[in-house]
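For reference, the structure discussed in these notes is given below.
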Amino acid sequence: MSEEKSLNFIEEIVEADLSSGKYQSIVTRFPPEPNGYLHIGHAKSICLNFGLANKYGGKTNLRFDDTNPVTEDTEYVESIKDDVRWLGFNWAEERYASDYFEQLFDFAIKLIEKELAYVDDSTSEAIAQQKGTPTQAGTNSPFRDRSVAENLELFKAMRAGQFKDGEKVLRAKIDMAHPNMHMRDPIIYRIKHAQHHRTGDQWCIYPMYDFAHGQSDAIENITHSVCTLEFIPHRALYDWFIEQLEIFPSKQYEFARLNMTYTVMSKRKLLQLVNEQHVNGWDDPRMSTISGMRRRGYTAEAIREFCDRIGIAKRDNLIDVGLLEFCVREHLNKIAVRRMVVFDPLKVVLTNYEGDGEILWSENNPEDQNAGNRQIPFSKELYIERDDFMEVAPKKYFRLAPGQMVRLKSAYIIRCDEVIKDASGMITELHCTYIPESKSGSDTSGINVKGTLHWVSARHAVKAEVRLYDRLFKVEDVGNAEGDFKDHINTDSLEVISNAYAEPALVADSSDNRYQFLRKGYFCLDKDSTAEKLVFNRTVTLKDTWAKEVKKG
RNA sequence: UGCCCGAUAGUAUAAGGGUAGUACAACUGAUUUUGGUUCAGUAUGUCUUGGUUCGAAUCCAGGUCGGGCAACCA
């Protein structure tokens, strides 16, 4: 008996609509504006919209809400399509609000004919003035009572390009005293002599969001139009247009957008980070964009799992970025092959080791027997991690220290005999003895050690660059922190290790390969890699209870 | 001061009149050739005041607190 998973409030609505017979099947849509790259907040919406259709046997359209030519671009269209596909979703149809410009224009004509829209010559300042305030009713525009004929003529003249930007707008005629500000004769068309990324210079008037979104939903027979909370006050308008235009009654439902600790989640801010070069582009691995997370090594499975776990509700939320990292680790632990890489090398000489060296074996992934084994060369001179040694070790320190023993992973137990320093007192190498009977797999030494270290053979090591990322912001709630969000940027969010030493089995060929660098974290190949130099991104660290212990003191 | 949303452990999210549960985070311990993984366990919660009811997180009323709404943005 598997436990029935509880439904979120939107699934409940869908199930009710299906069981009441209101709909036989559902149609949803994911409606990005192509003016920026998608971020993890969009992933939540994508998983919701596509997830609903998948679960209830419906379909989802990808619709670009491209009604503002000034900010939009095909570069964004392409990136958005890539990201949605990468996340693992297939849209039924690729649509554009701009596909409907002619139809939308006709809708506007219909409204004018019904005396529900008028051309207004007021300046934008005057219109803002007329709107009133939330607590104060607005006032009518002096152009509100133009005749249908005059409105028709003027609106067509607007389309024909007879006016300059801002000279005239088309407004819905509703109620300037309405308690909902959005119902106070909202602007539905404005003049913009601008090149549109798809329609070129075909149009010089463009519909506003409120006059495009709901109608586009209706045209596509969207049954459940899911959006975020800030559109709640728009719903009245959404419904009003559908009713007046007598078109398919799509319904809008709102859920709370995703906020995440140590992260900004607005296209405007992300754009600013890119433009002002606080990061290296939209796909910088520190960015909360889908493309950034992809480059960093997060998997689509992990992101989908995350979206599933955070749930859907209507209250504002701030999700711990740690949950995302948990999902990433959880997936990577199962699929990543293990390799040993030393970031900050300290030479170890095995004084009693004779011969040219030998080949040892180690498992590629202890979580997955099918992942097989690999060969690792072992020799007299090795590198270990500098902070895996302490001259004066505290209690409970299981790593190397003078006189102390540790196991080298998949190799032998060694004991530290002597610490070699240079003139400045800097430790340059460790002289150790190895225990021949302690070889992994055939250990007859009877020695038990608490610590196991990763290592590489000095002679066989391969150099690689490793990029370590930390959170981009220093404060938890960036959105509500004092001052400008850029004041809180973590200037130490990128650390580059240009000469890490890797075992020779680390010959990455694709960023689809996921690695766990033993005791270090999960890594993937970066696109900056060349034949001469491999570059790895740290996707996420391993959980580190020892570091926590040290911190506690 | 108008209209609209919301309020359950630290953070999220369930329970739809009948035992407040789950996950992450935290903390104990066990296992471990990764101080990883896994496993076992602990602590912490219904905004408030009334009402309805045998019984309220849930229904009703008042309050409090938080958020949104006055772009020719979406």
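Naming convention: chains lettered A, B, ... in sequence-line order (proteins, then strands); numbering from 1 in each chain.
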Of the nucleotides B/C27, B/C24, B/C5, which has the atom closest to the A/Lys552 side chain?
->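 Side chain of A/Lys552 sits closest to B/C27.
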Could you give the [atom1]-to-[atom2] distance, from [X] to [N], as a whole number of Å?
X	N	atom1	atom2	value
A/Lys44	B/A12	NZ	P	11 Å
A/Leu7	B/U22	CG	P	19 Å
A/Ile310	B/A12	CD1	P	11 Å
A/Asp239	B/C4	CG	P	15 Å
A/Leu318	B/A7	CG	P	17 Å
A/Met260	B/U13	CE	C1'	17 Å
A/His178	B/G2	NE2	P	16 Å
A/Leu323	B/A12	CG	P	11 Å

Taking a pair as Watson-Crick (N1 to N3 plus N6-O4 or O6-N4) or G-U wobble (N1-O2 and O6-N3), both under 3.5 Å, which stems of 3 or more consecutive pairs involve RNA chain B?
->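 Counting only runs of 3 or more consecutive pairs, the stems involving RNA chain B are B:2-7 with B:64-69, B:10-13 with B:21-24, B:26-30 with B:38-42, B:47-51 with B:59-63.
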side-chain contact (heavy atoms from CB on, under 4.5 Å) involving [X] - partner list, sequence neighbours excluded:
X	answer
A/Met208	A/Ile187, A/Arg190
A/Ile219	A/Tyr100, A/Gln103, A/Phe107
A/Glu11	A/Leu7, A/Asn8, A/Leu52, A/Lys55, A/Tyr56

Is the shortest side-chain N to carboxylate O distance from [X] to [Y] below 4.0 Å?
X	Y	answer
A/Arg144	A/Asp185	yes
A/Glu230	A/Arg257	yes
A/Arg198	A/Glu72	no
A/Glu325	A/Lys543	no
A/Lys396	A/Glu549	yes
A/Arg146	A/Asp121	yes
A/Lys192	A/Asp165	no

With rounding to the closest Å, how many angstrom separate the [atom1] atoms on [N] and [M]?
N	M	atom1	value
B/U49	B/A12	C1'	28 Å
B/U1	B/A7	C1'	23 Å
B/U48	B/U53	P	23 Å
B/G10	B/A43	C1'	12 Å
B/C65	B/G29	C1'	41 Å
B/G51	B/G17	P	22 Å
B/A25	B/G45	C1'	15 Å
B/G55	B/G67	P	37 Å

Could you encode protein contacts along nucleotides 29-46 of chain B as a string, one character per nucleotide from 5' to 3', using B for base contact, S for sugar-phosphate-only contact and - for no contact, with a heavy-atom cut-off of under 4.0 Å?
-> ----BBBBS---------
Quick tally for nucleotides 64-74 of chain B: nucleotides whose base has a protein heavy atom under 4.0 Å get B, sugar-phosphate-only ones S, the rest -, giving ---S-SB-BSB
Given A/Phe231, which of A/Phe255, A/Tyr238, A/Tyr253, A/Tyr209 fulfils the ring-ring contact (aromatic ring centres under 6.0 Å, His included) condition?
->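 Going through the options one by one, the only one that passes is A/Tyr209.
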Remember a base hit wins even if backbone is also touched, and classify A/Ile413 as base, sugar-phosphate or nothing at under 4.0 Å, heavy atoms.
->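 Nothing: the residue A/Ile413, judged by heavy atoms under 4.0 Å, touches no strand.
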Aromatic centroids of A/Phe155 and A/Tyr189 separated by under 6.0 Å |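 Between A/Phe155 and A/Tyr189, which both carry aromatic rings, the centre distance is below 6.0 Å.
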Taking only side-chain nitrogens and oxygens of A/Arg315, does any of them come within less than 4.0 Å of OP1 or OP2 of B/A7?
->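 Affirmative; the distance criterion is met.
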Could you please spell out the steps behind the side-chain contact (heavy atoms from CB on, under 4.5 Å) verdict for A/Arg309 and A/Phe326?
-> CA-CA 11 Å; A/Arg309 283 176 183 249; A/Phe326 169 84; 3.5 Å; yes
